[in-house]
Amino acid sequence: MQWEAVIGLEIHTQLATKTKIFSGSSTTFGAEPNSQASIIDLAMPGTLPVLNKQALEMAIQFGLAVHSEIPAITTFDRKNYFYPDLPKGYQTTQMDAPIVGRGYLDIALENGGTKRIAIHHAHLEEDAGKSLHEDFQGMTGVDLNRAGTPLIEIVTEPEMSSAKEAVAFLKSIHSIITYLGISDGNMAEGSMRCDANVSVRPKGQEKLGNRCEIKNVNSFRFVEKAINYEIQRQIEILEDGGRIAQQTRLYDPDLDETRAMRSKEDANDYRYFPCPDLLPIAVDPAYVQQLKDALPELPEQKRQRFTEQLGLSDYDAGVLSSSRPLADYFDKVAELSGDAKLAANWVSGELSAQLNRDAIEIDQAAITPEQLAGLLQRVKDDTVSSGAAKQVFAALWAKEGQTADEVIEAKGLKQVTDTGAIEAIIDEILAKNTAQVEQYRAAEPDKRGKMVGFFVGQIMKASKGTANPKAVNELLAKKLNG
Ligand code: ADP
Ligand code: MG
């Protein structure tokens, strides 16, 4: 039997507001426990929430970026449950009229195509506090700093059919929220967490299978592994004639497996009802339009501009548009150097390799777009060979504040195009290697190509990489053959 996996995601993203969604407490990460919890976050009787306008605005920006409808009226609801880190006894969230309606996102597939994934809706809600188990022997601590932090929860339709697609979707969301600047997207700090709903069904069957929900997975890699594990687990149960119990499960990265947490609750277990403390919000279409007009260029549009206007390959455009700082850096180098393709090669090649080696991000790069563009201009006008350009790059990286021209001058890396000087080097190398020259002349023409490489290598080495390769090849061929 052939099985097909079905995946729907619920993604919680922490919004980068200064203060909480219903109170004036700070949202800064890492503060002393319970130092950022006000009487509202602590649910003192008689306190009333006031919606943070910035949170609403960020949610609308997100909605616009994923082609969603923004409703004219949005409302808040209470989701009731008991947990020590939820002092109110309910979470203020949105159920009936969420701020972000139906939308979609196109994800890139491995075969080069794209797939449209529908977004069911996204809603605003408050985060809960955190239970701390590690520092307390036989007890649990509760830190309410996170209580009331604004989140958007993004809910997709069950339309992804592999772990890879789910990760591609998640990465797209990550790139959109960081482009918009509405979240830092830091998964390690919990600013973006994902619940993966997974089911399987016989290939070709319309009806969805029973699903399990894997809670709070907090890295792209773990999402992929958790989903793959879960798909396999479900297939094995079904092939043994069993059935899948609807469950909430946990992913354990150490054992690389998912484990049952509890049987899945239904919406009506939560006794949702409209929050009487928060009035419905009328969303002015003119205000939404204003936000729409002010949206930055988003990854999708950037990718398109990179291929259509700058002539980059789909692959380069995809890599360079994946993060906004990287795209901004590339854009600057392309503009200043006047050669987008060369800029793309260097940013996704030499520069990215160096960032990887140093394990740093583009905003910590030791070479500015101006410096790199300066170097690329010298590559373009043949002042330096591409080999020498790599040496210049390394020197610029190692010591701040120099220009490419200064390094080229100081290190004597100017490319020699003067044919007299190149000829002198060639003569010297041929004179030193008379045996190889004879071998070359005696060889069949189809064997000669490889032997030319030997001479070129020697000549480039003797010139410290400064000889113009084109001139070397031409002059060498003349001397060897003539
Ligand atoms: P709940 O409110 O119980 O979490 P929803 O109907 O809101 O359930 O769905 C939550 C998520 O689960 C959505 O992302 C949806 O796409 C996904 N989902 C629903 N049914 C399935 C299924 N059979 N297989 C995989 N994912 C599913
Ligand atoms: Mg759910």
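In this chain, residues are counted from 1 in sequence order. In listed order, ligands and their atoms are each counted from 1.
- Looking at L9 against ligand 1, only its backbone comes within 4.0 Å, counting heavy atoms.
- Between the side chain of N52 and the main chain of K20, a donor-acceptor pair closer than 3.5 Å is present.
- You'll find the side chain of D195 reaches within 4.5 Å of the side chain of H12, heavy atoms only.
- Within 6.0 Å of the CD atom in E157, the count of heavy atoms belonging to other residues, nucleotides or ligands exceeds 12.
- Not a single N or O atom of N210, backbone or side chain, sits closer than 3.5 Å to an N or O atom of ligand 1.
- Closest heavy-atom approach to atom 8 (O) of ligand 1 within the set Q246, R211, H120: this belongs to R211.
- Side-chain polar atoms of N228 and Q232 form no donor-acceptor pair below 3.5 angstrom.
- The shortest N or O to N or O distance between G209 and ligand 1 is below 3.5 Å.
- Proximity of E157 to ligand 1, defined as any heavy-atom pair under 4.0 Å, is confined to the backbone N, CA, C and O atoms.
- Checked by atom type, the side-chain pair E230/Q234 shows a donor-acceptor distance below 3.5 Å.
- Below 3.5 Å of separation, one finds an N or O of N197 facing an N or O of ligand 1.
- Which parts of ligand 1 touch V155 is read off a 4.0 Å heavy-atom cut-off, strictly below it: atoms 13 (C), 14 (O).
- Under a 4.0 Å criterion applied to the non-hydrogen atoms of V6, ligand 1 contributes the atoms 24 (N), 25 (C).
- In terms of N/O distances under 3.5 Å, ligand 1 is approached by P158.
- Taking a 6.0 Å sphere around NZ of K115, one finds it holds more than 12 heavy atoms contributed by other residues, nucleotides or ligands.
- Salt-bridge formation is not detected for the pair R146/E189: no Lys NZ or Arg NE/NH1/NH2 atom is positioned less than 4.0 Å from an Asp or Glu carboxylate oxygen.
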